Amino acid sequence: MPITYYIVLSIVLFCIGVVGVLTRRNAIIIFMCVELMLNAVNLLLVAFSKMHNGVAMAKDPASTVGIDGQLFVFFIMVVAAAEVCVGLSIIVMVYRNTHSVDVNFLNRLKN
Amino acid sequence: MIPVLLIVIPLVTGLISFFLKEERSAKAFALLSSVATLAVSLISLFQSGDSLSTDASWLPMLGSRFSVSLDGMGKILTLLTAVSFPIIFAATYNNKYKSPNAFYGFMLLTQAGLMGVFCAMDLFLFYFFWELALIPAYFLCSKWGGEKRIPVTFKFFVYTFLGSLLMLVGILFVYFKTPDHSFAISSLYNLALTYGEESFIFWLFFIAFAIKMPVFPFHTWQPDTYEQAPTAVTMVLSGIMVKMGVFAVIRWLLPMFPGASERMADIVMILAVTGMIYASLIAIRQDDMKRLVAYSSIAHIGLMAASMFTGSASGIQGVIFQMFAHGINIIGLWIVIDVIEQQLGTRKFSELGGLAQKAPVLAIMFVIMSFANIALPLTNSFVGEFLMFNSVFNYSIVLGAVACISIILAAVYTLWMVQKVFYGEVANEDRVVLNVPINTQLMLAVLVAVVLFFGIYPQPMINLTSETVTKIIAQIK
Amino acid sequence: MSKFVYLVPLFPLIGFLINGLGRKSLSKSLIGLIGSAVILASFAVSLGIFFQVKQEGFQPQVIHLFDFIKVQSFNIPFAFQVDQLSSLFLLIITGVGFLIHVYSTSYMHNEEPQHYGRYFAYLNLFVFSMLLLVLGANYVIMFIGWEGVGLCSYLLIGFWFKNNNYNYAARKAFVMNRIGDVGFLLAVFWILAKLGTVSYGDVFARASTFSTFDVTAITMLLFVGAMGKSAQIPLYTWLPDAMAGPTPVSALIHAATMVTAGIYMIVRSNVLYTMAPTTMTVVAVVGLATAFLAATIALKQNDIKKVLAYSTVSQLGYMFLGLGVGAYTGAVFHVMTHAFFKALLFLGAGSVIHAMGNEQDIRSMGGLKKYMPITHITFLLACLAIAGIPPFSGFFSKDEILAAAYEHNKVLWLIGAITAGLTAFYMFRLYVMTFLGGFRGTHDQEHHLHESPSAMTIPLIILAVLSVVGGFVGIPEAFAHNAHALEHFLSPVIVKSTETAHALDTGTEYMLMAISVGLAVIAIIYAWTRFSKKPEIAEAEGAGKLLANKWYVDELYDKVIANPLVALGGFLKNVIEKSGIDGIVNGVGRGVNYAGRQMRLMQSGQVGNYILLMVLSMVLMIILVFYGNNLNPVLKYFSK
């Protein structure tokens with residue numbers, strides 16, 4: 001499969017994520033959209049990693065070129081998990097205080 | 001070694017002072033420290049050669065060295081600083097400040113900064129001390145000032161920071177123009193700048209110094225700040241800190257950009273002389289002692305600014321002499337104003353009058369200081385003003401004649417103040433209980449003695465600075 | 001003896017210090033004793049110097065004390081010059097000064113001890129400054145004295161500082177003097193710029209190197225200084241107001257010594273003035289105009305001291321007329337005789353005021369002759385002297401000036417002679433209204449009338465003797481050949497101008513004397529007959545009102561100079577400073593503040609907005625990164 005398909009898919013996913021973050025007011029959905037963006041990037045990383053690795057393997061079957069892209073994906077997944085942890089707990093706290101998860105209520109930064 | 005001591009004593013004692021608890025100990029400590037500085041400064045007058053300069057590595061990455069040295073001009077200004085602080089502390093010994101430890105700490109830090117400015121032979125070091133002197137002054141004004149201290153200090157801050165930033169740009173520019181990338185005075189004196197560069201950088205530096213002096217039209221921070229600052233701080237600001245600007249022009253601006261200084265002299269002198277007349281006319285209409293003295297100071301500084309740019313030996317000699325004289329005179333005036341304000345709670349002419357009957361000694365001191373302020377012969381400022389007016393007159397007869405009008409106007413407003421405050425019938429009889437503390441009287445007497453001594457026999461001070469003047473003139477030519 | 005010349009100013013300085021510092025602890029009699037004794041000591045030294053100078057072949061000596069201001073381009077030493085001119089002035093100052101000090105011990109006796117001490121301290125300081133003025137060997141030392149006497153004049157006019165009118169008068173005197181001082185100072189700068197020295201000897205020796213423009217400018221500027229100090233048009237209005245001071249002060253400062261400083265200065269610079277005929281004409285015209293104008297004002301004044309003040313202005317005008325026509329000796333001669341008779345008149349007036357309980361209005365006096373015989377006689381002698389009746393001193397000096405004026409220009413002489421007539425008239429109006437007729441004051445005052453104590457009358461008598469015989473040092477050529485001792489004495493310090501008074505033939509000179517004396521006698525008789533019968537009590541009307549109000553010159557100055565200046569100050573303070581410069585500065589501050597307030601609205605607190613901004617910025621950055629190359633020319637422009 002040409003790399004272009006992966007790129008287009010991840011761009012579409014990323015844009016859906018961005019639009020979701022910008023337009024939705026429910027904090028949990030915003031959170032999910034952020035995850036969507038992260039995963040779009042992950043997809044791209046894996047795709048490129050595979051592509052570079054395939055080219056190198058043709059010359060030298062033991063090559064590890066491009067493998068670090070997949071490593072980054074793991075990092076991102078770990079960070080995202082940690083972020084979800086913190087984020088969800090904040091959202092829970094917000095819900096306890098305001099009985100809502102609508103981000104437009106959270107405008108205290110204004111002052 | 002001596003310049004280092006002059007800087008370090010107030011710096012260290014200033015920092016220690018923050019940790020003192022009691023008011024009395026803070027006061028006594030500050031006074032003691034300033035007396036020690038004075039002693040060092042007096043010793044410096046009789047020293048020459050190696051003991052007067054120190055050169056140590058400081059910021060090797062930048063090419064800046066801790067290079068301090070005292071020449072004749074430096075000696076006079078450090079002496080002024082060293083003399084003023086004990087006098088200020090002693091004369092205002094009875095004033096009460098909230099958190100006195102911080103007050104005296106900031107005062108001493110300011111002194112350290114001032115000393116550094118007058119000793120520095122490295123442009124970056126100079127800039128460092130310049131800011132070191134200014135920043136405590138902001139705190140002093142904003143924390144211990146009068147009612148309108150916040151907006152006024154803000155104005156002061158904006159003005160001087162604008163100046164400092166312009167100067168910083170200029171400093172970096174000349175730094176990159178030096179062949180060996182250094183801030184040392186010897187490399188900066190031999191800059192090879194193009195015509196356009198020199199003219200441009202000249203203004204960056206000049207505006208910074210002009211704001212500090214201040215020269216018309218960069219002066220409006222001054223009357224407000226003098227009015228709002230606590231009087232002890234006003235004494236430092238007007239007696240010593242404005243001399244930083246004048247000093248910097250002679251030490252750095254003129255020798256670094258001799259060509260531009262000569263080309264711009266006409267503009268600067270016209271500004272300065274306009275400022276003299278302008279400030280004198282405004283002073284005539286003031287109703288507040290502090291503001292009147294502030295405008296009078298602008299007029300006097302205008303004369304210094306004008307005569308520095310004449311490029312003549314007598315002009316620069318006069319300016320150096322007058323820096324000392326003006327510092328002494330104006331501190332004397334402030335001390336009297338402070339006594340009146342502390343005891344009677346007002347500085348307004350409309351609410352004062354007849355104090356000569358209540359406090360004859362204070363009146364005599366004030367009258368002598370006033371006449372020194374208008375440069376009566378046999379007071380110290382006559383010598384300086386004579387030399388300065390002479391140099392301006394030699395530069396241009398018209399400018400000299402116009403500048404001389406300020407002599408008349410000075411008499412008008414100064415005597416107006418004397419008359420309103422000290423003569424006539426006693427105003428507000430019930431409020432007038434004027435006890436001039438003995439320490440204040442003593443300090444005023446010391447100032448009067450200095451005024452008269454250098455008025456009658458100015459030659460020692462002229463001799464002290466003649467070498468500096470020769471060097472600067474040689475550099476300009 | 002001239003080696004010890006520094007003692008002459010030193011004694012009064014010591015007196016000043018003792019009296020000034022000890023004014024609270026010393027007793028009044030001790031203060032008076034010290035104050036007078038130091039002047040007497042100065043007088044003794046001056047006398048010694050005078051006799052040394054008087055010897056034939058005496059060369060002017062410069063006694064160098066120390067370097068006052070020495071810079072690379074010039075050196076101004078603190079040095080004294082002893083020559084004929086300065087030694088003569090020393091005698092006048094210390095001699096008359098001593099008498100006035102003695103007089104003051106009694107006149108000021110009602111003051112509290114500390115004010116009494118202050119008074120004598122000021123007076124001693126004045127004498128010190130005046131001595132510096134005449135002794136200085138260069139223009140800067142002269143200037144020190146010049147401003148010093150101005151300072152003392154200020155302090156003494158405002159001696160009773162509780163009265164604000166007096167303070168105004170003091171300030172006015174100082175400021176007007178300062179205007180003149182600026183002229184003086186500019187002249188000093190001019191000389192310094194051209195010659196690099198201000199010492200008399202060097203300046204006069206090299207005066208020929210001046211261009212005509214230079215010398216005219218210098219002499220004119222010096223004359224501006226003289227206008228201020230010696231109360232000439234247009235700077236004369238301070239002198240009548242200066243009568244606010246104690247009367248002995250008026251006698252010493254505002255009649256005998258300080259106001260003649262301008263004449264001394266011009267005589268001192270006679271080398272320069274002789275080179276500048278234009279200035280000479282101006283000096284003569286201004287002097288004569290002042291003499292005439294002040295004499296007309298004096299006709300209608302009712303305050304005894306004001307009459308004398310305008311008379312002083314007028315007599316000073318005479319002296320300048322003399323200088324302007326080249327009669328330097330005549331001017332100095334008139335300074336000397338004027339010092340005698342005008343000091344006498346003022347002291348006499350002081351004696352009268354003392355007796356009248358501080359009443360100064362002559363309309364409330366009259367008939368004092370029988371109460372105060374000594375004052376009366378001495379006052380009469382002084383009036384005769386100032387009116388120019390031979391053989392009193394004023395006759396000789398005034399005649400010398402008028403003769404020189406006649407020779408120069410007959411119109412000058414004519415106006416001068418008329419002024420002499422006016423002088424005789426107003427002086428005898430004053431005399432008659434004060435001493436003759438019946439007493440017009442209150443009973444209380446009449447009860448207290450008495451002759452003054454001997455400390456006051458003895459100086460009067462001595463001055464009266466001097467007023468009578470003082471003229472004999474300058475007997476004109478027409479009476480006796482080579483009898484003009486003063487001219488002979490002063491000849492070393494005065495350049496011979498091509499035309500001297502002696503060019504007149506004896507007949508003409510007799511005629512001129514006859515005319516001026518005749519005018520004076522007619523004026524005296526007229527005044528005597530008119531006022532002894534019907535004293536002038538009513539308020540002046542018509543032209544008299546104009547004179548009584550001093551030609552409204554003060555009001556004119558206020559309207560034309562003082563008020564506009566004050567208004568300009570107000571305009572600068574309220575408009576330019578507040579709205580202009582501060583407006584710009586605060587405007588910048590406000591602009592930043594406003595911009596900040598507007599920018600704050602972007603911080604809405606809506607997380608979504610922040611993210612949107614973030615995304616937009618990222619998009620912008622991506623565009624820049626990918627298409628940045630196309631923007632290069634713009635970026636390059638900014639990075640330059």
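Throughout, a chain's letter reflects where its sequence line sits, starting with A, and its residues are numbered from 1. Below, each value reflects all heavy atoms present in this structure, side chains not excepted, and no hydrogens, waters or symmetry copies. Please read all numbers here as calculations on a predicted model, not as lab measurements.
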### Query
Run the ring-ring contact (aromatic ring centres under 6.0 Å, His included) check on F143(C) and F184(C) step by step: do they pass?
CA-CA 8 Å; F143(C) 185 73; F184(C) 192 118; 5.5 Å; yes
### Message
Run the ring-ring contact (aromatic ring centres under 6.0 Å, His included) test on Y116(C) and F120(C) for me, step by step, so that the C-alpha distance in whole Å, both residues' side-chain angles and the decisive distance to 0.1 Å come before the verdict.
### Response
CA-CA 6 Å; Y116(C) 192 76; F120(C) 276 95; 5.1 Å; yes
### Task
Could you give me the CA-CA distance, side-chain angles and deciding distance for E227(B) and R291(B), then say whether salt bridge (Lys or Arg N to Asp or Glu O under 4.0 Å) is met?
CA-CA 6 Å; E227(B) 186 188 0; R291(B) 289 187 79 85; 2.6 Å; yes
### Task
Check step by step if side chain to side chain donor-acceptor pair (under 3.5 Å) holds for Q72(C) and T470(B).
CA-CA 9 Å; Q72(C) 286 161 1; T470(B) 317; 2.8 Å; yes
### Task
Check step by step if side chain to side chain contact (heavy atoms under 4.5 Å, CB included) holds for L572(C) and R285(B).
CA-CA 9 Å; L572(C) 292 178; R285(B) 290 297 296 264; over 6 Å; no
### Query
Going through the distances and angles, do N394(B) and S391(B) end up as a side chain to side chain donor-acceptor pair (under 3.5 Å)?
CA-CA 5 Å; N394(B) 282 350; S391(B) 70; over 6 Å; no
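Proximity of a side-chain donor or acceptor of Y557(C) to a complementary backbone N or O of P234(C) within less than 3.5 Å is detected. A donor-acceptor contact shorter than 3.5 Å is absent between the side chain of T310(B) and the backbone of V392(B). A side-chain donor-acceptor contact under 3.5 Å links S129(C) to the backbone of L125(C).
Note: Y295(B) OH to L409(B) CG = 15.0 Å, rounded to the nearest 0.5 Å. Here the CG-CZ distance, from L378(B) to F371(B), works out to 13.0 Å after rounding to the nearest 0.5 Å. Put simply, NZ on K573(C) and NZ on K578(C) are 5.5 Å apart, with the number rounded to the nearest 0.5 Å.
The contact list for residues 411-421 of chain B toward chain C, using heavy atoms and a distance under 4.5 Å, reads A411(B), V412(B), L415(B), W416(B), V418(B), Q419(B) by residue number.
Heavy-atom distances place both the backbone and the side chain of F386(B) under 4.5 Å from chain C. In this structure, chain B has a heavy atom under 4.5 Å from the side chain of F66(C), while its backbone stays farther away. When heavy atoms are compared at a cutoff of 4.5 Å, V188(C) approaches chain B solely by way of its side chain, counted from C-beta outward. For chain C, the nearby part of A375(B) is the backbone; its heavy atoms alone come within less than 4.5 Å. In this structure, chain B has heavy atoms under 4.5 Å from both the backbone and the side chain of E147(C). For A562(C), no part lies under 4.5 angstrom from a heavy atom of chain B. Looking at N390(B), the atoms closer than 4.5 Å to chain C (heavy atoms on both sides) sit in the backbone and in the side chain alike. For L376(B), the parts sitting under 4.5 Å from any heavy atom of chain C are the backbone and the side chain alike. Contacts between I473(B) and chain C at a heavy-atom distance below 4.5 Å are absent for every atom of the residue. In this structure, no portion of S312(B) lies under 4.5 Å from any heavy atom of chain C. Contact of K24(C) with chain B is made through the side chain alone, with heavy-atom distances under 4.5 Å. Using a 4.5 Å cut-off between heavy atoms, Y154(C) contacts chain B through its side chain alone, with no backbone atom that close. With a 4.5 Å cut-off on non-hydrogen atoms, V566(C) touches chain B through its backbone and its side chain both. Only the side chain of L192(C) comes within less than 4.5 Å of a heavy atom in chain B; its backbone stays farther off. With a threshold of 4.5 angstrom between heavy atoms, Y168(C) approaches chain B through its backbone and through its side chain. Contact of W146(C) with chain B is not made at all, since no heavy-atom distance falls under 4.5 Å. The part of I76(C) that comes within reach of chain B is its side chain, from C-beta onward, which places non-hydrogen atoms under 4.5 angstrom from that chain. At a 4.5 Å heavy-atom cutoff, the contact between V140(C) and chain B is made by side-chain atoms alone.
Closest non-hydrogen pair, S314(B) versus L387(B), comes out as O-CB, 3.5 Å.
Between chain C and the options H219(B), Q357(B), E425(B), the largest number of non-hydrogen pairs under 4.5 Å is found for Q357(B). With chain B as partner, the option from N164(C), V588(C), L185(C), N574(C) having the largest number of non-hydrogen pairs under 4.5 angstrom is N164(C). Interface summary for chain C: among V367(B), T220(B), N463(B), I284(B), the most heavy-atom pairs under 4.5 angstrom belong to T220(B). Each of I576(C), L568(C), L565(C) has some count of heavy-atom pairs under 4.5 Å with chain B, and the biggest count is that of I576(C). Here Y278(B) is the residue among F389(B), Y278(B), Y457(B), F154(B) with the most heavy-atom pairs under 4.5 Å with chain C. In terms of non-hydrogen atom pairs under 4.5 Å with chain C, the most contact-rich of D224(B), V158(B), I456(B), I397(B) is I456(B). Note: N167(C) leads V71(C), N163(C), N167(C), L151(C) in heavy-atom pairs under 4.5 Å with chain B.
A side-chain donor from one of N373(B) and S296(B) sits under 3.5 Å from a side-chain acceptor of the other. In summary, the side chains of Q222(B) and Y226(B) do present a donor paired with an acceptor at a separation below 3.5 Å, with no hydrogens or angles considered.
One finds no salt bridge joining E111(C) and R118(C) here, because no Lys/Arg side-chain nitrogen approaches an Asp/Glu carboxylate oxygen to under 4.0 Å. Ion pair K172(C)/D554(C) flagged as a salt bridge, since at least one NZ, NE, NH1 or NH2 atom sits closer than 4.0 Å to an Asp/Glu carboxylate oxygen.
At least one side-chain heavy atom of L26(C) sits under 4.5 Å from a side-chain heavy atom of N19(C).
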